[in-house]
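Only one structure is covered here, and it is reproduced in the block below.
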Amino acid sequence: MAELFQAPKGTRDVLPPESDRWQRLVAVFAGVMGRAAYGLVQSPMFEDIGVFQRLGEGTEVVRKEMYDFYDKGDRRLALRPEGTASVVRAFNQHRPTVPWKVWYLTPCFRYEEPQAGRFRQHHQVGAEAIGSADPDLDIEVIALQHDFYRALGLSHLSLRLNSMGSPGDRQAYAERLATWLGQRLGDLDEADRANVADHPLRVLDSKRERTVAVVADAPRITDHLSDEAAAHFARVQAGLDALGVAYEIDSRLVRGLDYYTHSTWEFAAGALTSAQNAVGGGGRYDGLAESLGGKPAPGVGFGAGIERILLAADAEEALLDTAASVDVFVVDVTGGGAGRNLTFELRRNGISADRAFDARSMKAQMKVADRSGARLALLVGEEELAAGTVTLRDLRSGGSQTALARGDVVHEVAARLAR
RNA sequence: CGGGCCGUAGCUCAGUUAGGUUAGAGCGCCGGGUUGUGGUCCCGGAGGUCGGGGGUUCAAAUCCCCUCGGUCCGCCCA
């Protein structure tokens, strides 16, 4: 026997019926974004590694989790670890009219140890609005993300919101924080000390006990915003209030990616007890387009992890599996040809239909018909074939049967299904 | 990168503590229950190198060593 291959570590096959939940999730997302005039963008799953390195040298994602490789042309490429960078790169490349409002569905790759809600390949839906600094776009994007979760039936979600201020504010605050933390190095957890000088904001994100205790008293970014940034933040809060999107301000919220300015936020699933309870997050990234070599262009967007959303949905018993079924099941005990033709005739007239294969017995075919969930069975035996008829059996109401002329089948079935 | 738990049929698991007849169950799958008909019920069947390798022993799913997976926690993140 040849070696039995398995899906690589940290990856999963999504099969029916679970894949049906994916389809519905994506359909809900496409609906929410489509109604808000966001269009689908498809971009390559790999890019020049530089595109992702601009996400920030302070991020774990870039520092040690990148799936990078050299291709046959000696180009250094990487599989995308997140969705925003490629979209911004595409924006720079194509210069669409602004604001450019797009959504995406993509796998993301990160080389890390798998655990509950964490994979080497996971999937995100997300949206970006690029080319406008209007705080109403921050609001629009946050509210759309919120509405997406609600449309899925999720209710136990919390939204934490923060502002990183303008790029200047962020820089000034980082320096202020580095100085403050530098005076308390000895009190920090050893593992966090290395970040103080170069990536002080990362220290705010630490979950280590000693560090958390120290950071509780650290200066808050929201106390050091410029007037302009403070006004932006106030407008965002007012807008969310007006749209009924609940949130709490968390001035220590620092997300994993370094490019955020102004609004930054994260949705967590209260129903998830695992450590990986973030189901999505986003922020404004006014400096990213420029750092990717484009003209300066502000932008704002979010990503949401499909696997995590489905875990949260499981916990809330939302977005449940629905048994996929067809309307009609065709049983043919005359060899299969008549049933094949009838099945396609139904399908070509917009009626979902399936059939059995391998010339099995009528009993066996009826079992399959039952499992298929079909409302109606159409039976073709030697008698029907000779008489030019098809027997219609109602599988739900006790099994009443009627004979139909072969030529009337589609019409009759359609009429029955319409009831 | 550090740590815990777990690998026996397609799935969920017994059996491992005190090694011993052809390794079991439920579900699922296939066939049958007399002359074309599902869901309940009954009968039968297929399907497992007990994760892999080595060792101890008359004898290993069971004991020992190594190894590979899976899973979960920390850290980090969706």
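Per chain, numbering begins at 1; letters A, B, ... match sequence-line order. Bear in mind the structure is a predicted one, so any value in this text is a computation, not a measurement.
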Of B:C72, B:A78, B:C77, the nucleotide closest to the side chain of A:Phe119 is B:A78

Atom pair distance, as rounded to whole Å: CG in A:Asp189 and C1' in B:C1
15 Å

Basic-acidic side-chain contact under 4.0 Å: A:Asp332, A:Arg355
no

For the P atoms, the ones on B:C11 and on B:U21, what distance do you get once it is rounded to whole angstrom?
27 Å

If the P atom of B:G70 is compared with that of B:G54, how far apart are they to the nearest Å?
23 Å

What interatomic distance, in whole Å, is found between P of B:G44 and the corresponding atom of B:G53?
35 Å

Smallest heavy-atom separation, A:Leu292 atom then A:Val51 atom, equals CD2-O, 3.5 Å

Is NZ or CZ of A:Arg347 both nearer than 6.0 Å to the six-membered ring centre of A:Phe344 and within 45° of the ring axis?
yes

For B:C72, does either OP1 or OP2 sit under 4.0 Å from a side-chain N or O belonging to A:Gln115?
no

Taking only the P atom of each, what is the distance from B:C50 to B:G10 in whole angstrom?
13 Å

Need to verify one output field. Residue with the more 5' nearest nucleotide on RNA chain B, A:Pro8 or A:Ile306?
A:Pro8

Take atom P in B:G32 and the same atom in B:G39, then report the distance between them in whole Å.
13 Å

Measure the distance from CD on A:Glu266 to C1' on B:C77 and round it to the nearest whole Å.
8 Å

Here the distance between atom P of B:C76 and atom OH of A:Tyr111, to the nearest Å, is 20 Å

Distance in angstrom units between A:His122 NE2 and B:A78 P, rounded:
7 Å

For A:Asp250, check side chain to side chain contact (heavy atoms under 4.5 Å, CB included) against everything at least two apart and list the hits.
A:Arg160, A:Arg252, A:Leu253

Atom CG of A:Asp13 and atom P of B:G10: how far apart are they, to the nearest Å?
17 Å

Reading nucleotides 33-40 of chain B from the 5' end, what letters show protein touch, with B for base, S for backbone sugar-phosphate only, - for no heavy atom under 4.0 Å?
B--BBBB-

Does the B:C30 base have a donor-acceptor partner in the side chain of A:Arg360 within less than 3.5 Å?
no

Watson-Crick/G-U partner (both atom distances under 3.5 Å) of B:C27:
B:G10

Dump the intermediate steps for side chain to side chain donor-acceptor pair (under 3.5 Å) on A:Gln124 and A:Thr106, then the final yes or no.
CA-CA 6 Å; A:Gln124 293 187 17; A:Thr106 182; over 6 Å; no

Protein-nucleotide distance (A:Leu311, atom CG; B:C72, atom C1'), rounded to Å
13 Å

Quiz item: A:Gln121 side-chain donor-acceptor pair to B:A78 base, under 3.5 Å:
no

When the P atoms of B:U12 and B:G3 are compared, how many Å lie between them, rounded to an integer?
28 Å

Closest approach of A:Trp100 to A:Ala90 (non-hydrogen atoms, all atoms of both residues)
CH2-CB, 4.4 Å

Who does B:G2 pair with, Watson-Crick or G-U, both distances under 3.5 Å?
B:C73

Which sits closer to the 5' end of RNA chain B, A:Arg208 or A:Glu113, going by the nucleotide each is nearest to?
A:Glu113

In whole Å, I'd like the distance from the CG atom of A:Leu154 to the C1' atom of B:A78.
14 Å

Please report, rounded to the nearest Å, how far the C1' atom of B:A78 is from the CG atom of A:Leu79.
17 Å

Using the P atom in both, what is the distance from B:G7 to B:U16, to the nearest Å?
12 Å

Taking NZ, NE, NH1 and NH2 as the nitrogens, is one of them in A:Arg120 or A:Glu112 under 4.0 Å from a carboxylate oxygen of the other?
no

The nucleotide from B:C76, B:G70, B:C72 with an atom nearest the side chain of A:Lys9 is B:G70

State which residue, out of A:Leu240, A:Ile142, A:Asn162, fulfils the side chain to side chain contact (heavy atoms under 4.5 Å, CB included) condition with A:Tyr247.
A:Leu240

Does B:C75 have OP1 or OP2 sitting under 4.0 Å from an N or O in the side chain of A:Arg118?
no

On a whole-Å scale, what distance lies between the C1' atoms belonging to B:C75 and B:G2?
9 Å

A:Arg184 to A:Trp180, cation-pi by 6.0 Å centre distance and 45° axis angle:
yes

Would you mind pulling out the nucleotide paired to B:U34, Watson-Crick or G-U wobble, both distances under 3.5 Å?
none

